[in-house]
Amino acid sequence: MNYFPMFADLRSRPVLVVGGGTVAERKIQSLLDAGAEVLLAARELTENLQTWAEEGRICRIAESFSDGLIRQAVLVIAATDDEELNRRVADAAERGNKLVNVVDRQELCSFIVPAVIDRSPVQIAVSSGGTSPVLARRLRLQIEQLVPQHIGLMAQIAGENRESVKRQFGSLPERRQFWEQLFAGRFQDYCTQNNRPQADLQLKAELAAKQTQQGFVTLVGAGPGDAGLLTIHALQAIQAADVVLYDALVGTDILCLIRKDAEKINVGKRAGGHKVRQEETNALLLEYAQKGCRVVRLKGGDPFVFGRGGEELQILAEAGIPFKIIPGITAAVGAAAYAGIPLTHRDYAQSVQFITGQCKADGSDVDWASFARSNQTLAVYMGTIKAENIAARLIRHGRAADTPCAVISNGTRQNQTVATGVLSDLQCLTANAATPALIIIGEVAALHHRLAWFQSENTAVAKAKAA
């Protein structure tokens, strides 16, 4: 993050603007909207700037810039077409420890002005870090379509009643639940209709009722790793949670999307090194839910595919804790897609089986004969440790030793790697594979070299080797 995002209160604070053209006029208009005291240094002014100066809306303190002018301001903006003058302003501001913005000269700026979606008092700022203002404006237009006009009215009424809500609800979780219930109900409908009187009455009625939700658990699938594969419901759930219990397979990019004031608890488990026992995780879910918190149990992939999600929900059901389930893209689907390996294909595989490598040592709980059938794909979760045993049993039960296979490490992430070979070499392919890793066994694995699309450089290398 090259710039620290912030909103500055400029009401009645002096801001120096150097320049009197159309660009300066646009900057000054925004400063006036924010209530700033605009100090202007310019020889020639646009018609509007001249009028504003005569009306006293801005103060023209000089016709030319001098270093001493910056001492009067908290911020400095240079908006001229004179490159030498712009640099002089930037240098003077730097020496005077003043933040400065030089229009269209990122390298001279110590602060930049973002593109803004204004739903006052709600404001949403979009910035490209000065690299592409046009892109930032494009993003602003896209976001603008998603943010309804009535959001400003909702925020205004909420601000006016904030202290009343604080007095009514003693704890932060209670207040948060009240606001979220309010914003999702009839109050929002009245604001949408711009019906301020009814919106006020609705808030007062809900405040008088003093109702808070009981604890609630949402079981959320985080997908295989790429944060872009989160569902909308998953994103909404983790941003509304008071507490998030997350697994080791949930990546940093996804954890960053959790609300900053939420409590985050790592209950991750990895094969061979359990960090938190399952019983402890179950106890934590019950503890926080019984306190009235909104809890998210965040699991990599899909919580119902080798995620023990069903076991955790059984505990909640027995305790009478309400819950809901938000599925995620399971690792086999996501990792295979990013590796360019179709799990089914009309010519090669008419079925697919998801199996786990964490089976009993004697293999008595696995129907190896069914797994060894040809024309099907096996997606093996957590199979790297027992890869040698898996390959040997499949070959023993009739699967060809030269069946194509692939080992996908860190599937869908930027550090994804794909190793391909044949079933008899599976132990070698997994020996140095980074975890988490997914094993694909079946004829479809050979299509990786033709269909790989993710990480173009790696794809090019793979295709060159295949050729």
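The environment of Asn415 atom CG is dense: over 12 non-hydrogen atoms of other residues, nucleotides or ligands sit within 6.0 angstrom. Environment of CD in Gln106: crowded, with over 12 heavy atoms of neighbouring residues, nucleotides or ligands closer than 6.0 Å. The neighbour count for Glu388 CD, taken as heavy atoms of other residues, nucleotides or ligands under 6.0 Å away, does not exceed 12. More than 12 heavy atoms of other residues, nucleotides or ligands shown are found within 6.0 angstrom of CZ on Arg196. When the shell of 6.0 Å around CG of Asn432 is examined, it contains 12 or fewer heavy atoms from other residues, nucleotides or ligands. Other residues, nucleotides and ligands contribute more than 12 heavy atoms inside 6.0 Å of the CG atom of Leu146. No more than 12 heavy-atom neighbours from other residues, nucleotides or ligands sit within 6.0 angstrom of CG on Asn194. In this structure, Asp118 places its CG atom where more than 12 heavy-atom neighbours from other residues, nucleotides or ligands lie under 6.0 Å away.
Looking only at side-chain heavy atoms (C-beta outward), Lys27 and Val103 come within less than 4.5 Å of each other. Proximity of Ile258 to Leu255: side-chain heavy atoms (C-beta onward) are separated by under 4.5 Å at one or more points. In this structure, Leu75 and Leu10 have side chains that are in contact, with non-hydrogen atoms separated by less than 4.5 Å. Between Val100 and Ile77 the shortest side-chain heavy-atom distance does not fall below 4.5 Å. A 4.5 Å side-chain heavy-atom check between Val244 and Ile265 finds every atom pair outside the cut-off. Contact check for Ile124 versus Val116: no side-chain heavy atoms found under the 4.5 Å cut-off. Within the 4.5 Å cutoff, the side chain of Val407 has no heavy atoms near those of the Val418 side chain. For the pair Thr344 and Thr377, the minimum side-chain heavy-atom distance is 4.5 Å or more.
Checked by atom type and distance alone, the side chain of Glu180 never pairs as donor or acceptor with a backbone atom of Arg176 at under 3.5 Å. Looking only at distances, a side-chain donor or acceptor of Trp453 sits under 3.5 Å from a matching main-chain atom of Ala337. Looking at Asp425, its side chain never comes within 3.5 Å of a backbone N or O of Cys428 through a donor-acceptor pair. The backbone N or O of Val165 lies less than 3.5 Å from no partner atom in the side chain of Arg175, so there is not a single donor-acceptor pair. A donor-acceptor contact shorter than 3.5 Å links the side chain of Ser132 to the backbone of Leu135. Checked by atom type and distance alone, the side chain of Arg294 pairs as donor or acceptor with a backbone atom of Ala240 at under 3.5 Å. Within the 3.5 Å criterion, the main-chain N or O of Leu249 finds no donor-acceptor partner in the side chain of Asp247. Remark: side-chain polar atoms of His448 are not paired, donor with acceptor, to backbone N or O of Ile341 under 3.5 angstrom. Of the possible donor and acceptor atoms, none in the side chain of Asn101 sits under 3.5 Å from a partner among the backbone N and O of Cys109. Judged by distance alone, the side chain of Ser127 and the main-chain N or O of Gly129 form a donor-acceptor pair under 3.5 Å.
Taking CG of Leu245 as the start and CD of Glu263 as the end, the distance is 8.5 Å to the nearest 0.5 Å. The distance from atom CG of Leu285 to atom CD of Glu280, rounded to the nearest 0.5 Å, is 12.0 Å. In this structure, Ile321 CD1 and Glu318 CD are separated by 12.0 Å, a value rounded to the nearest 0.5 Å. One distance of note links CZ of Phe187 with CD1 of Ile157; it measures 4.0 Å at 0.5 Å rounding. The distance from the CZ atom of Phe354 to the CZ atom of Phe306 is 8.5 Å, given to the nearest 0.5 Å. Of the inter-residue distances, the one linking Gln353 atom CD with Arg373 atom CZ reads 6.0 Å to the nearest 0.5 angstrom.
For the pair Arg346 and Tyr348, the cation-pi criterion (under 6.0 Å, within 45° of the ring axis) is not fulfilled.
Residues Val422 and Ala401 come closest through the heavy atom pair CB-O, 3.8 Å. Between Ala437 and Thr384, the closest heavy-atom pair is CB-CG2, 3.7 Å. Annotation for Gln427 and Ala387: closest pair CA-CB, 4.4 Å, computed over non-hydrogen atoms. What you find for Pro322 and Gly215 is that their closest heavy atoms are CG-O, 3.3 Å. The shortest heavy-atom contact between Phe178 and Leu203 is CZ-O, 4.3 Å. For Ala434 against Ser409, the heavy-atom pair with the smallest separation is O-OG, 2.7 Å.
Ionic pairing of Asp242 and Lys291 is not present here: no N-O contact between side-chain nitrogen and carboxylate oxygen is shorter than 4.0 angstrom. Ion pair Glu107/Arg105 flagged as a salt bridge, since at least one NZ, NE, NH1 or NH2 atom sits closer than 4.0 Å to an Asp/Glu carboxylate oxygen. Using a cut-off of 4.0 Å between Lys/Arg side-chain N and Asp/Glu carboxylate O, Arg138 and Glu144 are scored as not salt-bridged. The existence of a salt bridge linking Glu312 and Lys299 is confirmed by a sub-4.0 Å separation between a basic side-chain nitrogen and an acidic carboxylate oxygen. Salt-bridge check for Glu163 with Arg167: failed, with every basic side-chain N at 4.0 Å or more from each acidic carboxylate O.
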>> Go through it in stages, so that I can follow the logic: the residues are Glu206 and Gln202, the test is side-chain hydrogen bond (donor to acceptor under 3.5 Å, both in side chains), and I'd like the CA-CA distance, side-chain angles, deciding distance and then a yes or no.
In response: CA-CA 6 Å; Glu206 296 194 30; Gln202 185 67 31; 2.9 Å; yes

>> Could you go through Glu174 and Lys166, starting from their C-alpha distance and side-chain angles, then the distance that decides it, and tell me whether this counts as salt bridge (charged side-chain N to carboxylate O under 4.0 Å, His left out)?
In response: CA-CA 9 Å; Glu174 286 181 319; Lys166 278 186 177 181; over 6 Å; no

>> Determine whether Asp226 and Arg413 satisfy the following criterion, salt bridge (charged side-chain N to carboxylate O under 4.0 Å, His left out), listing intermediate values before the conclusion.
In response: CA-CA 5 Å; Asp226 183 350; Arg413 306 182 189 209; over 6 Å; no

> So Phe216 and Val295, side chain to side chain contact (heavy atoms under 4.5 Å, CB included) or not? Walk me through it.
Replying inline: CA-CA 6 Å; Phe216 192 92; Val295 183; over 6 Å; no

>> Using the rule given for side chain to side chain contact (heavy atoms under 4.5 Å, CB included), can you reason through Val126 versus Ile117, listing the C-alpha separation, both sets of side-chain angles and the distance that settles it, and then say yes or no?
In response: CA-CA 8 Å; Val126 181; Ile117 297 99; 4.0 Å; yes

> Is there a side chain to side chain contact (heavy atoms under 4.5 Å, CB included) between Gln188 and Phe183 once you walk through the steps?
Replying inline: CA-CA 5 Å; Gln188 177 183 228; Phe183 293 152; 5.7 Å; no

> Would Val243 and Val296 count as a side chain to side chain contact (heavy atoms under 4.5 Å, CB included) if you check the C-alpha gap in whole Å, the side-chain angles of each, and the deciding distance to 0.1 Å?
Replying inline: CA-CA 6 Å; Val243 182; Val296 160; over 6 Å; no

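Judged by distance alone, the side chains of Gln181 and Gln177 never bring a donor and an acceptor atom under 3.5 Å apart. For the residue pair Gln278 and Asn282, a side-chain donor N or O sits within less than 3.5 Å of a side-chain acceptor on the partner.
Residues passing the side-chain contact (heavy atoms from CB on, under 4.5 Å) test with His233, sequence neighbours excluded: Thr231, Gln236, Ile326. Judged as a ring-ring contact (aromatic ring centres under 6.0 Å, His included), and not counting sequence neighbours, Tyr246 has no contacts.
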